[in-house]
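This one's a predicted model, so the numbers in the text were calculated from it and none came from an experiment.
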Amino acid sequence: MEENNEYRITMENISKTFPGVKALDNVSLKVKAGEVHGLVGENGAGKSTLIKILMGAHKKDPGSGDIKIEGKKVNINNPLQAIEHGMAAVYQHMKIAPELTVAENIFLGRQPRNNGIINWKKMNEMAREVLEEVNMENIDPRVELRSLSNVNKRMVAIAKALSQDVNIIIFDEPTAQLAEEETEELHRHIKDLKDKDISIIYISHRLDEVFNICDRVSVLRDGKLVMTDRVENLTENDLITHMVGREVGDLYYKEEIEFGDVVLEVKDLEVESKIENVSFQLREGEVLGVFGLVGAGRTEMVKSLFGVHSADSGLIKINGKEVKINSPLQAIKSGMAFIPEDRHTEGVALTQDIVDNSNLVRSLLQANYGLLNAREEQKIAEENVEDLDIRTPSIFQKLRYLSGGNQQKVVVAKWINANSKIILMDEPTVGIDVGAKKEIYKLMAELLKQGKAIIFISSYIPELLGICDKIMTLSEGRMTSVMKTSEATQEELLYYATR
């Protein structure tokens with residue numbers, strides 16, 4: 001047994017109870033200096049609760065256990081105390097000020113001043129020094145944060161953490177909105193941090209990342225620690241089995257479904273400075289995958305189909321009939337659905353309940369006819385909860401209290417209730433666990449068997465190869481290939497995505 005003084009962080013027998021829920025049950029976590037320690041589990045397993053206790057955002061149950069930093073028992077009652085103990089967190093949904101400069105974001109609330117006035121020169125110099133620590137000397141600290149790529153925004157968050165003299169950094173789903181090459185870049189930076197003896201807790205639903213970046217991994221299930229081991233002693237199936245408590249078989253779920261008629265035809269679609277000359281067909285029962293690097297135009301393409309961006313030229317036919325789609329309402333009335341990448345801001349109303357969210361589009365379509373019926377809407381929501389296995393104590397539960405996977409099921413329910421025929425999915429499995437992902441894939445299969453058709457955007461090539469019938473690649477707004485999945489390889493997709 002290794003001694004505690006080998007660990008920078010020791011959490012022993014931590015429990016946390018919320019009203020009616022035992023979120024953590026005697027969980028212990030130990031992280032070494034210079035180690036990347038993975039933390040995995042399904043949504044609701046307790047990962048976020050454990051990290052929030054470590055960071056002082058939640059308090060553990062009184063008398064439930066101890067937290068030690070460098071072998072010394074500490075009490076962390078708020079995030080400021082966590083910083084004082086050398087800890088910082090980079091969350092999936094970063095709290096940033098995009099309109100402020102890089103330097104301002106790094107030193108927000110801690111700006112160097114002379115006689116109460118911000119010393120801009122000194123702050124920019126300090127920012128350059130801390131950016132150099134993460135090998136980001138190419139970033140100008142004077143530019144606005146919103147001008148940077150997603151991965152560089154995350155690197156600024158890391159620089160901010162390092163500027164506070166921390167030696168423990170928590171990454172919570174850091175690659176959820178990053179493309180593959182950005183993920184690789186972030187991983188290189190994390191390995192640099194490890195070489196500087198910084199301890200890292202790495203939370204991710206992408207298990208391939210755990211094996212790529214982590215030294216050890218701990219699994220939580222239903223609020224309990226299931227196992228901790230070195231990653232070289234495990235396989236991906238081992239981790240999945242520990243996470244869900246059962247064998248799940250192949251992660252990806254795909255049924256052989258006979259294609260029907262062409263439901264969507266796009267020819268020479270062009271959106272100024274975003275998309276040019278994109279053409280394809282989509283049939284009933286078919287999944288068309290869309291792959292591309294950052295800036296390829298994937299989201300812009302589906303948003304133009306859905307009427308968020310107006311096309312400058314091109315032809316769109318639905319069921320053989322030419323349509324003009326200049327607004328989302330026109331797209332909805334034409335039988336289209338759109339599941340956006342950012343479900344929190346574009347997909348659901350977090351402050352509303354399941355009933356309101358699942359009937360949102362249906363209510364929009366029927367409101368003009370005065371057909372809204374509260375009792376009927378509640379019945380529909382109850383059917384959605386049962387059919388889609390939405391895990392909730394009530395149909396009146398607010399969406400913000402559901403896990404990411406269950407929120408995504410409500411988004412899908414919203415479009416099922418609107419009887420949409422063509423479903424546009426933009427990164428629909430980002431930030432949800434392996435069990436919920438497989439349920440989403442099975443739900444897609446059920447929709448396809450009903451004659452619906454799906455356009456599926458993903459930055460994760462194994463996912464595209466696992467569930468799509470054919471895959472389109474985009475590069476800088478241009479369509480560079482469309483190939484059958486059975487004939488595609490990861491190398492080919494990357495090749496065409498960089499042409």
If you define the side chain from C-beta out and look only at heavy atoms, does anything of [X] sit under 4.5 Å from [Y]?
X	Y	result
Leu264	Phe280	yes
Met126	Ser163	no
Val290	Val302	no
Arg8	Lys32	no
Leu100	Leu145	no
Leu234	Val210	no
Lys59	Asn77	yes
Val156	Lys153	no

Which is it for Leu207 and Met243 under the side chain to side chain contact (heavy atoms under 4.5 Å, CB included) test, yes or no, and what are the steps along the way?
CA-CA 11 Å; Leu207 299 187; Met243 288 166 62; 4.0 Å; yes

Has the side chain of [X] got a donor or acceptor atom that lies under 3.5 Å from a matching backbone atom of [Y]?
X	Y	answer
Gln407	Leu402	yes
Thr489	Glu492	yes
Ser15	Asn26	yes
Asn406	Arg391	yes
Lys47	Gly41	yes
Glu35	Asp215	no
Glu487	Lys484	no
Lys409	Asp389	yes
Ser218	Thr228	no
Lys60	Gly65	yes

Is there a donor-acceptor contact under 3.5 Å linking the side chains of [X] and [Y]?
X	Y	result
Ser147	Glu144	no
Asp61	Thr17	yes
Thr392	Gln397	no
Asp238	Thr241	no

Does [atom1] belonging to [X] count more than 12 external heavy atoms closer than 6.0 Å?
X	atom1	answer
Asp222	CG	no
Lys449	NZ	yes
Lys470	NZ	yes
Glu256	CD	no
Arg110	CZ	yes

I would like to know whether Val219 and Asp229 meet side chain to side chain contact (heavy atoms under 4.5 Å, CB included); could you show each step before the answer?
CA-CA 9 Å; Val219 178; Asp229 203 346; over 6 Å; no

Pairwise distance [atom1]([X]) to [atom2]([Y]) - rounded to 0.5 angstrom:
X	Y	atom1	atom2	value
Leu493	Thr480	CG	OG1	9.5 Å
Asn384	Asn357	CG	CG	11.0 Å
Ile457	Asp426	CD1	CG	4.0 Å
Asp66	Met11	CG	CE	10.5 Å
Phe456	Ile467	CZ	CD1	3.5 Å
Ile200	Phe171	CD1	CZ	5.5 Å

If I compare all heavy atoms of [X] with all of [Y], which pair ends up nearest, and what's the gap?
X	Y	result
Ile203	Ile51	CD1-CG1, 3.5 Å
Ile169	Val166	CG1-CG2, 4.0 Å
Leu474	Met472	CD2-SD, 3.9 Å
Met483	Ala488	SD-CB, 3.3 Å
Thr183	Arg206	OG1-NH1, 4.2 Å
Val278	Val266	O-CG1, 3.5 Å

Before giving the answer on salt bridge (Lys or Arg N to Asp or Glu O under 4.0 Å), spell out for Lys72 and Glu70 the whole-Å C-alpha distance, their side-chain angles and the decisive distance to 0.1 Å.
CA-CA 6 Å; Lys72 182 180 178 181; Glu70 306 286 5; over 6 Å; no

When the ring planes of Phe306 and Phe338 are compared, do they come out parallel, tilted or perpendicular, using 30° and 60° as the limits?
tilted

When the ring planes of Tyr252 and Tyr441 are compared, do they come out parallel, tilted or perpendicular, using 30° and 60° as the limits?
tilted

Thr429/Glu463 under side chain to side chain contact (heavy atoms under 4.5 Å, CB included): CA gap, chis, key distance, verdict
CA-CA 9 Å; Thr429 63; Glu463 180 176 54; 2.6 Å; yes

Lys254 and Asp469 ion-paired at < 4.0 Å
yes

Salt bridge or not between Glu6 and Lys30? Use side-chain N to carboxylate O under 4.0 Å.
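Salt bridge between Glu6 and Lys30, a charged N being under 4.0 Å from a carboxylate O: no.
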
Please lay out, stage by stage, how Leu39 and Leu220 fare under the test side chain to side chain contact (heavy atoms under 4.5 Å, CB included).
CA-CA 8 Å; Leu39 184 61; Leu220 294 182; 4.1 Å; yes

Could you check whether Phe18 and His58 have their ring centres less than 6.0 Å apart?
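Ring centres of Phe18 and His58 closer than 6.0 Å.
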
Could you work out, with side chain to side chain contact (heavy atoms under 4.5 Å, CB included) as the rule, every residue matching Ala159, not counting sequence neighbours?
Ile106, Val130, Leu131, Val134

